[in-house]
Each structure stands twice: as C-alpha cells, then as structure tokens.
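Below is one structure, written out as structure tokens, with a few remarks after it.
Count residues from 1 along the sequence. When a ligand or atom number is given, it counts from 1 through the structure's own listing order.
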Amino acid sequence: MPLATATQRAPAAEQDAGTIALTDVSFENTLAAALPGDPVLDNRPRQVRHAAYSRVEPTPVREPRILAWADAVGDLLGIARPESPLGIEAQVFGGNKVLPGMKPYAARYGGHQFGHWAGQLGDGRAITLGETIGADGGRYELQLKGAGRTPYSRTADGRAVLRSSVREFMCSEAMHYLGVPTTRALALVGTGEAVVRDMFYDGNAAPEPGAIVCRVAPTFVRFGNFQILAAQQEPDLLKRLADYVITTHYAELGAPSPEVYTRWFEEICRRTALMVAEWMRVGFVHGVMNTDNMSILGLTIDYGPYGWLEGYEPGWTPNTTDAQGRRYCYGNQPQIALWNLVQLANALIALVGDKAPLEQALAAYGETYTREWRRMLGEKFGIEAIEGDEDDKLVNDGFELMQDVETDMTLFFRGLARVPLAADADNAAMVEPLRRAFYTDEALEPEHLSRMAQWLRRYAARVRTDGAAPEARVARMNRANPKYVLRNYLAQLAIDALELGDASVIERLMRVLERPYDEQPENDDLADKRPEWARNRPGCSALSCSS
Ligand code: AMP
Ligand code: MG
C-alpha cells in the first residue's frame, strides 16, 4: 500500500508478525556465486564476454522516497513495512545504500527484438541487489529497475520515469491477484531527480519525475541469457547457467543431464503456455514479447507498454512502436510465445547434442496451450466443457459479435453470467446484462440487438443442456472473469494523481485489484468501461516504449 500520504504503520491486526527490519534481513547471491562475473568493475558501456553478469553498484539518487509499498510482498519476504517514507528502505531501494550480503550486478543477456537478433542487450537499467528466503521457503531475488547505468546501458541513462514505474508496480501486483504467473513488486521509490524522455518520439524531450521499482521474483533470468551464450559460442558457460537454473529453480527435475535439459525445456514450454493462456483469459497484452522479455520460469516479466483489451479486438496492441506490424497484438501472443520458445530451443541445442528431442518437447507448448485455453473458455462462458464443432462455433460466433460492434471484453464476460437462461426470456431481458459492455450506440441498433439475442438464445440452450446448478455456474464464471482489471485509463489516473503528490488513487486501486473477482459494489465505478475522453489520450490507449 502506498506511503506517500499515509506513513503510519498498518493497524496492528494487519501487521504480519513474521516481518523483521530490512537491515536484519540476510541476503545472499547464489547466481553471482555460482557463475563467472565480468572482471571489469565499472559501468562503462561495453561488450561483455565469458561472464553471466557484471558487478555494478546502483547510482545514488538525490532524494529517495518510498511512494508505495506492497504489504503482501513485504510479508512474503519477511520485510517490515517502512516506518517512514524517508527511512532506510528508501535508501536501499533508491540505490543509495547497499546492505551487507548484497552483491549488486547487472545480468548479461541478448535477445530477438521484433523478430530480429539484436545481439547483447543485458540489464541496462536493472540491478539485482541480492536474494533472500521468503516466508514460503522460496528464494526471491530483489532487483531495482531504474537504478542507473550499467555496462549494458548502451547509450541510455539507466533510469526510469515515474509513469512507467507506477505501471510496473501496479500491474505486477494486479496480475498476481488475478492468478497470472508474474514477477512481483515490493516498493516504488521516487528519486527526487528528473529524467528526460521524448515520450512521443517527436523531438520534444522533456523532464519527468524519476522513480525506481524494487521488483521480486525467484529469478529474473530470461530466454536471452541463454541465447547470448549460444550466439557468442560460449558453450561451457551456457551449461553452467543451465545447471544453475535447474538445480536452483527446477530442482524437482533432478541432476542436470541431456535428458534433464530436454525435460527442463519441456517444462518451460508448459509454463509459458499456461502464462499466455492466462493473459488471453484476462485480456492482457504484454506489448513487447521480445525474447529478452521472456522469463525462464514462465512468469510475466518486464511491464512496459502493456495494456488491457477493452473493446474485444484481437489485432489490438497498446505499443505505438508496433502499431504498423502489430507483431505483439493480443491475438498473436500465443503464436509469438511459440516462436520465442523455438529461439530458446536453438540456444539449448548444444546442451542436448541434438535438436530432435527439443523439437519433440516443443509440442508441450501447443498441447498445454490448447488444453488450458479450452478449459478457460469453458469457465469464461459458463459451459462445463467446450467440445466439438458446435461448441467451437458458438464460442467463435460470440467473439465475432463482440468484435462487430465495440464491446468491452471484461464487462461482456462478467455480464454473461447474469443473462437469463429461460427459453421464454425476451430479447431485451437477455441483452440487458451486456449493455454496460457496449461502447457505441451502434450496438443498440435493432439489427445488432436481435443478432445478439439470437446468439444468446443458442447460448442459453447450450448452457441448459449442462444442467449445472445456477449458483455454482455463476460462481465458476466469476472466478474466471475478473470484474476489475487495471484498465489503461485507471493506471493513468493513478499516475496523474501521484505526479501531483496524491497517492489516494493508486492506494484505492491497489486495494480493489487485490480482489478482482469479487463484486465489491462500492467500487463499481472502477469496473466501468473506458470513458470517451480516454479513447485517444496517451497512456490510456496507446503507449510508447519511452519509459
Ligand atoms: P525493454 O524494451 O524495456 O525490454 O528494454 C530493452 C533493452 O533496453 C534492455 O536491455 C534494457 O535494459 C535496455 N533499456 C531500456 N531502457 C533503458 C534505459 N533507460 N537505460 C538503459 N538501458 C535501457
Ligand atoms: Mg526488457
């Protein structure tokens, strides 16, 4: 919960007894200990070879201040909520102080960007502080994003603006509560320094407030960490990195061997498929699915110009840089994840010795995705199991209707649970629960209404054949169809307020998004479709990569 306005501790009842002061937490760094680092110790931009990472200290900032704090993540890590926004937590997560046990580093990785091999990228503005063991026994890496230049910054400044940091902080938590595999965020820190960005890439660079997010995940290793080692022909290090990831994060697979590498890759395929299916379920568009933004653990990682589908439109992408090609639009995501996995497989061939087993393992992606998406469709539509051509046609026709006239995906599915199913229900009553999802009057024209009602009749008839208990059906649908998502314009409202020093908007949103499937009638306004003023406002509909 944010601290910008309220710095008091949460009421005693909400305090987790298991937390200790940040300065008492023990940190280690198993990745840095297990793998070779870059012998050069400064942050000058360079090509790094034969190292998994470069040691680099965060660059101190003028006036670090905790702007928001995620209590649930603090509890998970056993770190107590800061008593003051200007205390030791601000110093550490602002990059001004490194605690004992932390050995900050930036990771070396490469990647395919928009389908093309981009060579060395690396943590250009992310710096890992260290790892700690969480309350659940898991290992968690704490990483600052926006903490200053690293050897991988190339010509950029290593910093991040407040707007993009707020978006990463809020969305990673929102995704967690939606049940989507994701990295988490512990703290949002204002730096007290300006960062210059050309938001529209039109030559009008302007200063904006800077910020840092402390994000948290078992590891931030990406597909690209392996790709760079394969591309630059460092097979020994490739093997060491794979062995580290398997023994530390996939221990259940057993000791590394060619068979285990294949099983590991298969598991990555499975997890990636599940992650993308979850994105599709909640209407999330990542926006930049480059292979350097694909987590080796199958977590949603690197929140940049992401967005949420409002009007259902498979071709939609929030990323203005991708407006032409639409490579990373909503509907392409499943296929792009597969393409990315193929690139990872290519990088792992040296470990397995043969590409055939990896090609076979890749099938796990399609199988998992198809199975999970089908299951989710059943839940979303409130049909026990989507099976056979008739069901496929029903579902596809439903999506087509949503696309024909601009229809909010989230509100449509939430409303669908309330559509009367009786054979004698009249058209108006059937369409009524969906009205809130329509963006334009076109949807209310008799022709569209009657097509919608016709589809709803087919739909209701199909649901009746299941004979499911109505309450159980609605409850199942509501668990798959969130009422509250981090709509693009809501994130922007939170940013606008925070830029003026008002944390109440982010505070309220974060609280509501902790229970996205609950009705919360008192927060109904936050479930509304995007207002017209937000249709073309930057940040509300389209986002640049400038962050
Ligand atoms: P992204 O598109 O955010 O995944 O970033 C692609 C690459 O650019 C990564 O290597 C980032 O670390 C790097 N990068 C992005 N923004 C900055 C920045 N402001 N300073 C340094 N490196 C950056
Ligand atoms: Mg990235």
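A salt bridge does not link R149 to D157: none of the charged side-chain nitrogens sits closer than 4.0 Å to a carboxylate oxygen. D236 has no carboxylate O lying under 4.0 Å from a charged side-chain N of R240, or vice versa, which leaves the two without a salt bridge.
Side-chain N or O atoms of D123 include one that pairs as donor or acceptor with a backbone N or O of A107 at under 3.5 Å. R530 places no side-chain N or O within donor-acceptor distance of the main-chain N or O of E310, the cut-off being under 3.5 Å. N96 contributes a side-chain N or O that, together with a main-chain N or O of V61, makes up a donor-acceptor pair within less than 3.5 Å.
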Please step through salt bridge (charged side-chain N to carboxylate O under 4.0 Å, His left out) for the pair E267 and R263, ending with a clear verdict. CA-CA 6 Å; E267 179 60 18; R263 285 220 304 277; over 6 Å; no

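Inspection of the environment of the Mg ion (ligand 2) yields the following protein N, O or S atoms under 2.8 Å: N293 OD1, D302 OD2.
Legend: ring-ring contact (aromatic ring centres under 6.0 Å, His included) pairs involving residues 200-242, not counting sequence neighbours, sorted by first then second residue: F226-W264.
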Check: every ligand 1 N/O to protein N/O pair under 3.5 Å:
{"from": "ligand 1", "atom 1": "4 (O)", "to": "N293", "atom 2": "OD1", "distance (Å)": "3.0"}
{"from": "ligand 1", "atom 1": "4 (O)", "to": "N293", "atom 2": "ND2", "distance (Å)": "3.2"}
{"from": "ligand 1", "atom 1": "8 (O)", "to": "R154", "atom 2": "NH2", "distance (Å)": "2.8"}
{"from": "ligand 1", "atom 1": "10 (O)", "to": "G122", "atom 2": "O", "distance (Å)": "2.6"}
{"from": "ligand 1", "atom 1": "12 (O)", "to": "G122", "atom 2": "O", "distance (Å)": "3.2"}
{"from": "ligand 1", "atom 1": "12 (O)", "to": "G124", "atom 2": "N", "distance (Å)": "2.7"}
{"from": "ligand 1", "atom 1": "16 (N)", "to": "R125", "atom 2": "NE", "distance (Å)": "3.3"}
{"from": "ligand 1", "atom 1": "19 (N)", "to": "D157", "atom 2": "OD1", "distance (Å)": "3.0"}
{"from": "ligand 1", "atom 1": "19 (N)", "to": "R159", "atom 2": "O", "distance (Å)": "3.2"}
{"from": "ligand 1", "atom 1": "19 (N)", "to": "R197", "atom 2": "NH2", "distance (Å)": "3.3"}
{"from": "ligand 1", "atom 1": "20 (N)", "to": "G158", "atom 2": "N", "distance (Å)": "2.8"}

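No option in W279, Y328, W308 other than W279 meets the ring pair (Phe, Tyr, Trp, His ring centres under 6.0 Å) test with H286.
Remark: Q492 pairs with D496 by the side chain to side chain donor-acceptor pair (under 3.5 Å) rule, at least two apart or across chains.
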